[in-house]
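Worksheet: one structure, shown below.
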Amino acid sequence: MTFKQLITLRNFMIILCISMLVLLGQKVFLIADKIQMTKEADRLYAAGDLISAENQYRLAAANHSILYMEEKVAERLAELSPITAIRQGLSALVLSAEAQATTKDFSGFMKSYDALLSLKATYMKPGGPYESYYRQLSTDSGISDKFTTYFREFKEQFLTELAQSQSGNTSEAEAFKWNLLQIPDAYYGSAASKDELLASKFKSHDTAKLNALAGTGSFTGMLESALSMMNAYKQHSYEAPWVLGQAESSGKIFLNKDLESDNITAFTGHAVAYRNFAGSAGITSSKVLTLVDTSKAKLLKNAKRMTSKGQYADAIQLYGDLAPLEDTSSIIAATRLAWNIAEPVRLLPGGEEQGRYGNIISSKGLHGTKVIVAGTDSNGILYYAAMNNDESVITLTGNSLPKFESLRSLTFNDQLAASTGSGAPVVLVESEVEGGRTLFTAYEMKSDGISQLFSMSGDSYELQSDDSILVSNADLGDGVDGQTARYRKVDGSYQFAEIVQEYAVISASDVALHPFEKVSFHCEIVIDNFGNTLAYSNGVYISLQGEVGSVTGNALVSGQYQNGYQPIETDMGEQYVPVFVVESVGSMSFGQ
C-alpha cells in the first residue's frame, strides 16, 4: 500500500465517522422532539384544546425516529379524526380553489364549493360536537374570504363577457348566464339583489341580440335564437318574459310591414315561421298569432271577392300565396273551374295565351259535359276541348279546315249531333267558295278524335227525316247549276247518293214503254269502241244523245225516249237499241 493510498483511506474513514456522528445527533434531536410533542399533546388534550392537541399528536405520529407511546398516539388520533378530516378537507379545498380561480376553471371551482358545503354540512351542525372545531379551523384557513374573493372575480368576469358577447356566439353567451346563476345569492348581497342584477343584464343582452337579428332582416334567425333562449332558460328554471316579448314585438313589425307593402308571399313565410316558433315554444295564443289569423281571413275574403269580379288569375295567385298558411288547394281548384267555365278557351292547348285562338265557340251543360269549346289557330287547324262532369278535360286536334281563309262561321250544331246517335258534339263549318255557294263541313268530336261527318257545297242543306241530307244548288263537280243532291251516311260519314229529280224514276229496261215522258233511270254510262255513249243496266243497252257531258260510271240519267232506235255493236253482235235524249246526268260516283 502506498502512502497516497493510505492517506485517502484515512480521509474516507474520517468523513464516514463525522457523517455517522451527524446522523446520530439528528436522530437524538428527533427522538427528543417526538417525546416533547407527545407530552405537549397530552397537556393540550388535558386542557381541552383538542385542535392543538390533534396537531401535536399528528406531528408525533409522523416522527418515526423512535417507538414512543405509539398506541396512545394512535388512539388519540382516532378519537380526534373528525378534527383531522376538517383540517385536511379545508386545506385541500383552499389549494384546489386557488388553482381553479387562477386557471378560470369555474366548473371545477363549483365542485370545490359543493365539497365545502358538504364538509360544512357534516361537521358544522348547530349544537353538534364538531361545530366549534369547524368554525375555528375554517377561520384559521381563511377559506371563507378566499371563496368570497374568487366568486367576486368570477362574477365580474362573467358579467364582462356577457356584455361583450351581444354580437358574438349565442352558445358562449348562454354559458356565462348559467355560470352567473350558479353563483350563490350571498355573493350578490342577497337573493333580491341577484335577481335584479341578472334580470337587467340578461334582458339587455337578449333584446340586443334579438334586435340585431331582426335588424338584418333575419326573421327566422331571430325566432330560432328566441326559442333557443327560452328553452335554455327553461332548462335552468329561470323566468325570462322579455324574450317572448321581444319576439312578439319584432313579429308584429315584420308582419305589418309585409301587409302594408302587399307582399303576401313574405307575409305567409313570416307567419308560418312564427306559427312554428309558437308551436315549439308551447304558445297557443298571442297577439302575433291573432294578427296572423285575422289577416289571413281578410286576405281569403279578398281572393273570394276577386273571383266574383272575374279576376280569376289574381284570386288564384292570392290563394296560392296563402297555401302555406292554409290548405287552399280545393278553393284554387274551384276557382280554376269557374275560370274555365267563364272562359272556355282556356281548356284548349295553350288557351291561356292571349289571341292564340280565333273563331271560338262554346256551350255549357250539353253532351254530358260542364262545358265544351272549339276554335281555330292561325293556320286554320281545328281544336276542341271538353270538361266532363267529373272535371276531367279532354282535348282533340283536327286538321286545317278547308277554305279556312274564307271561313264564315263555326258553330256547335245540335241537330246534326242528335242525328249521329253517338252523343258527341258536332261542329259545323261554313266557308264561302267560288260561284257564290257555301262549303258546309261538319266534324264529329268523338272521344278518340275528330272525324269528318260531311263536306258539301251548295246554297243550303236540309237534314231529312230518313237521316239523309238534301243540298240545294249542289256543286257536284259537273259544272251543272240548280241540282239538288242527296247525301246518305255510309260508314259514319255522308256521301253523295243521287241527284233529286222531278222525273219519275223507272227501270232502264222499261224506257221504251214511256215514250215522250220525262223519266229518270239508274245505269252505268259506258263508251263503246266507236265512241258512242251508252247506258247499260241489267243486260240492256240504251243509246244516249243530247246533254250527256263527260260523266261515266254509275249515274242517274234524266230525259225522254222519243221512239227512236239505233244500231250499236256489242259483245253479242249488232243490236238495235232505244235512243234516249238526255236532259241531265247526275253522277252516282262521289267526286265526279
Side-chain angles (χ1 to χ4, degrees), residues 303 306-321 323 328-418 420 422-432 439-455 492-493:
M306 291 174 183
T307 302
S308 64
K309 292 181 178 180
Q311 299 170 342
Y312 300 105
D314 293 338
I316 289 172
Q317 176 66 47
L318 184 50
Y319 282 131
D321 290 342
T328 55
S329 57
S330 60
I331 306 178
I332 290 175
T335 305
R336 288 192 187 280
L337 174 61
W339 192 4
N340 289 335
I341 292 175
E343 300 179 21
V345 67
R346 290 172 40 79
L347 298 175
L348 299 176
E352 299 87 352
E353 299 177 25
Q354 193 72 21
R356 175 165 179 174
Y357 291 98
N359 307 298
I360 301 165
I361 56 172
S362 63
S363 184
K364 299 175 184 177
L366 298 176
H367 308 287
T369 66
K370 286 184 180 292
V371 61
I372 56 177
V373 60
T376 58
D377 66 9
S378 58
N379 296 316
I381 296 175
L382 178 64
Y383 290 85
Y384 169 82
M387 177 180 284
N388 298 317
N389 288 325
D390 62 1
E391 298 181 15
S392 62
V393 175
I394 64 167
T395 59
L396 303 175
T397 302
N399 298 318
S400 181
L401 298 179
K403 301 296 182 179
F404 168 69
E405 62 280 356
S406 57
L407 179 68
R408 285 179 181 170
S409 67
L410 199 70
T411 57
F412 282 115
N413 192 296
D414 294 335
Q415 185 182 27
L416 289 174
T420 64
S422 66
V426 172
V427 173
L428 178 64
V429 182
E430 296 184 21
S431 301
E432 184 177 351
L439 174 63
F440 300 97
T441 310
Y443 296 94
E444 192 173 6
M445 305 295 120
K446 296 181 178 179
S447 59
D448 58 349
I450 298 177
S451 63
Q452 183 173 290
L453 192 60
F454 61 71
S455 182
S493 65

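Note that the structure is a prediction, hence the values are computed from the model and not measured.
When the side chain to side chain contact (heavy atoms under 4.5 Å, CB included) test is applied to Ser392, the partners found at least two apart in sequence or on another chain are Asn388, Asp390. Residues meeting the salt bridge (charged side-chain N to carboxylate O under 4.0 Å, His left out) test with Glu432, sequence neighbours left out: Arg408. Under the side chain to side chain contact (heavy atoms under 4.5 Å, CB included) criterion, Asn379 pairs with Asp377, Ile381, not counting sequence neighbours. Residues passing the salt bridge (charged side-chain N to carboxylate O under 4.0 Å, His left out) test with Lys370, sequence neighbours excluded: none. Among residues two or more places apart in sequence or in another chain, the salt bridge (charged side-chain N to carboxylate O under 4.0 Å, His left out) test is passed with Glu353 by Arg356.
Of all non-hydrogen atoms in Ser431 and Pro402, the two that sit nearest each other are OG-O, 3.7 Å. Nearest heavy atom pair, residue Ile450 against residue Met445, reads CG2-CE, 3.6 Å. Listed here is the closest heavy atom pair of Thr441 and Ser455: OG1-OG, 3.4 Å. Closest approach of Leu410 to Ile361, counting heavy atoms only: O-CG2, 2.9 Å. Closest heavy-atom contact between Ala417 and Ala424: CB-O, 3.5 Å. Looking at every heavy atom in both residues, Val427 comes nearest to Ala374 through CG2-CB, 4.2 Å.
Separation of atoms OG1 (Thr397) and OH (Tyr383) is listed at 5.0 Å; rounding is to 0.5 Å. For the atom pair Phe454 CZ and Ser493 OG, the distance stands at 11.0 Å (nearest 0.5 Å). Separation of atoms CZ (Phe404) and OG (Ser378) is listed at 7.5 Å; rounding is to 0.5 Å. Between the CZ atom in Phe412 and the OG atom in Ser362 there is a gap of 7.5 Å [rounded to 0.5 Å]. Distance check, rounded to the nearest 0.5 Å: CE of Met387 to CZ of Arg336 gives 11.0 Å. The structure places CD1 of Ile360 at 10.0 Å from CD of Glu343, a figure rounded to the nearest 0.5 Å.
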Quiz prompt | Audit row: Leu348, Val373, side chain to side chain contact (heavy atoms under 4.5 Å, CB included) steps and yes/no | solution = CA-CA 8 Å; Leu348 299 176; Val373 60; 3.9 Å; yes
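Counting heavy atoms from C-beta outward, Leu453 and Val426 have side chains that approach closer than 4.5 Å. Residues Thr395 and Leu347 fail the side-chain proximity criterion, which asks for heavy atoms closer than 4.5 Å. Put simply, the side chain of Ile372 reaches to within 4.5 Å of the side chain of Tyr384, judged on heavy atoms.
Of the residues listed (Leu407, Leu382, Thr411, Leu401), the one engaging Asn359 in a side chain to side chain contact (heavy atoms under 4.5 Å, CB included) is Leu407, and it is the only one.
With hydrogens and angles left out, the side-chain atoms of Glu444 and Ser422 include a donor and acceptor closer than 3.5 Å.
Within a 6.0 Å sphere centred on CD of Glu405, other residues, nucleotides and ligands contribute more than 12 heavy atoms.
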Donor-acceptor pairs under 3.5 Å, side chain of residues 307-316 to any protein atom, not counting sequence neighbours: which ones?
residue, atom, partner, partner atom, Å
Thr307, OG1, Ala303, O, 3.1
Ser308, OG, Arg305, O, 2.6

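With hydrogens and angles ignored, the 3.5 Å screen pairs a side-chain donor or acceptor of Thr328 with a backbone N or O of Tyr319.
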